[in-house]
Participant: 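Quick one: this structure, given as structure tokens, is what I'll be asking you about.
Both backbone and side-chain heavy atoms feed into the values below; hydrogens, waters and symmetry mates do not. So you know, we letter chains A, B, ... as the sequences are listed, proteins then strands, and number each from 1.
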Amino acid sequence: SQQGEEDPQALSIQEGENATMNCSYKTSINNLQWYRQNSGRGLVHLILIRSNEREKHSGRLRVTLDTSKKSSSLLITASRAADTASYFCATDAVYSGAGSYQLTFGKGTKLSVIP
Amino acid sequence: DGGITQSPKYLFRKEGQNVTLSCEQNLNHDAMYWYRQDPGQGLRLIYYSQIVNDFQKGDIAEGYSVSREKKESFPLTVTSAQKNPTAFYLCASSLRRTSGGSTGELFFGEGSRLTVL
């Protein structure tokens, strides 16, 4: 089952603009993570935000988490052509017993940054 | 360099054949995972292993099998029972999650693209 759902599915912006992607999820989580995937490559971890955190920064990335709304957003500021990639949120659900598995990924937002 | 190595990068299979995808890590991670990715889709979990000689089914385990005889290795076999195996397969590893704990960062390989002829 895919718990995280990203919005929008695709986003096209000009270089230098900010890009915002959203993620909604359904159940209680320990943490939420964002990953980046260049076309045809593996995923790369960007940032992890714990359930008791509301905002986190890493370079040009800003992530927010609203557990009451079960949603998160990823903001990339001053975008560059090299930011063109797909971005996925992944949720780490609260442990629910033997057999429960860990991170579940959404379908991703495909970001295109036009030079 | 520490990381995860998947091989082969591209693989072609004929109908009715089993194929095995290799995944090796030198990160000293206990947990390893196999995900499948279809075009325009997210990642779906096939199998995961928290420790040597133990593994659990994920969402879409039917038609797949795994083994975890060594900490460093988690091969995935796509059997002839998998009706639609053409996809991009991703292996990942992480520190082990304990009961009541949380899963940290996953480290991914570069993927293996399987095509059925």
Participant: Is chain B contacted by the side chain of A:L43, its backbone, both, or neither, given a heavy-atom distance below 4.5 Å?
Facilitator: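 Both the backbone and the side chain of A:L43 come within 4.5 Å of chain B.
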Participant: With chain B as the partner, which of A:G40, A:S51, A:A90 has the greatest number of non-hydrogen pairs under 4.5 Å?
Facilitator: A:G40
Participant: From the options B:Y48, B:F107, B:F108, select the one residue that forms a ring pair (Phe, Tyr, Trp, His ring centres under 6.0 Å) with B:H29.
Facilitator: B:F107
Participant: Side chain, backbone, both or neither: which part of A:E6 has a non-hydrogen atom closer than 4.5 Å to chain B?
Facilitator: neither
Participant: Has B:T86 got a side-chain atom pairing as donor or acceptor with B:V116's backbone, closer than 3.5 angstrom?
Facilitator: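 Judged by distance alone, yes, a pair lies under 3.5 Å.
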Participant: If you count the non-hydrogen atoms of other residues, nucleotides and ligands that lie under 6.0 Å from CD in B:E15, is the total more than 12?
Facilitator: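 12 or below, so no.
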Participant: Among A:R41, A:Q9, A:R50, which has the most heavy-atom pairs under 4.5 Å with chain B?
Facilitator: A:R41
Participant: At a heavy-atom separation under 4.5 Å, does B:L90 approach chain A through its side chain, its backbone, both, or neither?
Facilitator: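 Looking at B:L90, just its side chain touches chain A.
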Participant: I'd like to verify something: which residue of B:R113, B:Q37, B:K9 has the highest number of heavy-atom pairs under 4.5 Å with chain A?
Facilitator: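 The option with the most such pairs is B:Q37.
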Participant: For B:Q50, is there any backbone N or O sitting under 3.5 Å from a side-chain donor or acceptor partner on B:D30?
Facilitator: no
Participant: Which atoms form the tightest heavy-atom contact between A:G106 and A:F88, and what is the distance?
Facilitator: O-CD2, 3.3 Å
Participant: Which atom names give the shortest non-hydrogen contact between A:L111 and A:D83, and what distance separates them?
Facilitator: CD2-O, 3.8 Å
Participant: Is it the backbone or the side chain of B:Y35 that comes under 4.5 Å from a heavy atom of chain A, or both, or neither?
Facilitator: side chain
